[in-house]
Number of protein chains: 2
Amino acid sequence: MEKQTATQVFESLSSGIRLDIYRLLVKRGLEGMVAGQIASALDLPPNNVSFHLKGMTHAGLVSVEQEGRYQRYRANLPLMLELIAYLTEECCAGHPEQCAEIRADSCCPEAVLPPLPKTEMES
Amino acid sequence: MEKQTATQVFESLSSGIRLDIYRLLVKRGLEGMVAGQIASALDLPPNNVSFHLKGMTHAGLVSVEQEGRYQRYRANLPLMLELIAYLTEECCAGHPEQCAEIRADSCCPEAVLPPLPKTEMES
DNA sequence: TGTATATTTCAATAATTCTTGTATAGTTGA
DNA sequence: TCAACTATACAAGAATTATTGAAATATACA
């Protein structure tokens, strides 16, 4: 996955309205929803919903299909799975045993820290 | 998970710089990185990195621990797992068989659509 | 045809976010 | 204590994004 794709998806989900839309569509699965249904379900002006749907579509987060005079939107779940893979790519590189540890615990544990390298600030 | 938590995390990852920081920290795992290391690794002004790290910390996406005069940052992977669960909550509600279908295919398939309900636009 | 419906587009304003430079606070070690 | 270093806080301008109302496009149906 390209970095721009990832940031676009995150940008899409960074708004409460778009997050609501996405979660609504996830619940609907393959059935999806038409634009007006989404607007009335969330009690928002249709043109505002359309504005957000356009951005989400451009980011690939949702797909749209014309159905007569309706536009049916569906969540693109596989993209989300790709995104997760992108985020955890090379997770704990070189120390795979840490991955299991991190994933199992409730939060980054107050683990014993390795001492700082003698040469400070080398990348 | 609360909606605000989710939007804050997504907002954090919607910037290319913050996404780079997060992925860098994910790779480092429990070791993490100190602020100056992050800045020089990404070739960015330290105060700009500090600005972004503050937001990420506030969103809970990274944790910070003081280490003498250094501030050591680590990615909060468990939060990401919670976030994914939040997103796919009630996925395909009422039609669990669709979930497997969606997850298996490469993208939302051009599935056969159910006909529109006779009463248009009811939520 | 003509009218109603669904959705999008456009323009304008309000609000937020990003980046840079400068200044401040805290830590280290001589 | 003093000087060097790490990191954050603050302020200002540029840039981006959100919301609303009005207008436009396209489909459906009588």
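Proteins come first, then strands; the chains are lettered A, B, ... in the order of their sequence lines, and each starts at number 1.
Nearest-nucleotide mapping onto DNA chain D: of B:Val49 and A:Glu11, the residue sitting toward the 5' end is B:Val49. Residues A:Phe51 and B:Asn48 both approach DNA chain D. Their nearest nucleotides, taken by heavy-atom distance, put B:Asn48 toward the 5′ side.
Under 4.0 angstrom from either OP1 or OP2 of C:dT17 there lies no side-chain N or O belonging to B:His52. Contact check, B:Tyr73 against D:dA7: no side-chain N or O comes under 4.0 Å of OP1 or OP2. The shortest distance between the side-chain N/O atoms of B:Arg18 and the OP1/OP2 oxygens of C:dC18 is below 4.0 Å.
In this structure, of C:dT9, D:dA9, D:dT8, it is C:dT9 that holds the atom nearest to the side chain of A:Ser50. Nearest to the side-chain atoms of B:Pro45 among the listed nucleotides D:dT17, C:dT20, D:dA9 stands C:dT20.
Rounded to an integer number of Å, the gap from CZ of A:Arg69 to C1' of C:dT7 is 11 Å. As a whole-Å value, the separation of A:Leu42 CG from C:dT7 P is 14 Å. Residue A:Lys54 contributes atom NZ, which lies 13 Å from atom P of D:dA18 at whole-angstrom precision. Distance, B:Arg72 CZ to D:dA7 P: 10 Å, rounded to whole Å. Protein atom CG of B:Leu53 is 15 Å distant from nucleotide atom C1' of C:dT19, rounded to whole Å. B:Ile21 places its CD1 atom 11 Å from the P atom of C:dC18, with the value rounded to the nearest Å. For the pair B:Gln66 CD and C:dG26 C1', the interatomic distance rounds to 8 Å; values are reported in whole Å. As rounded to whole Å, 19 Å separates atom P of D:dT17 from atom CG of A:Asn47.
Looking at heavy-atom distances under 4.0 Å, A:Ile17 makes contact with sugar-phosphate atoms alone, never a base.
Here the OG-CD distance, from B:Ser15 to A:Glu11, works out to 11.0 Å after rounding to the nearest 0.5 Å.
Contact between B:Ile21 and B:Leu53 at its shortest, heavy atoms only, is CG2-CD2, 3.8 Å.
Side-chain contact check for A:Thr57 versus A:Val62: some heavy-atom pair is nearer than 4.5 Å.
B:Arg18 contributes a side-chain N or O that, together with a main-chain N or O of B:Ser12, makes up a donor-acceptor pair within less than 3.5 Å. In this structure a side-chain-to-backbone donor-acceptor pair under 3.5 Å is present from A:Ser40 to A:Gly36.
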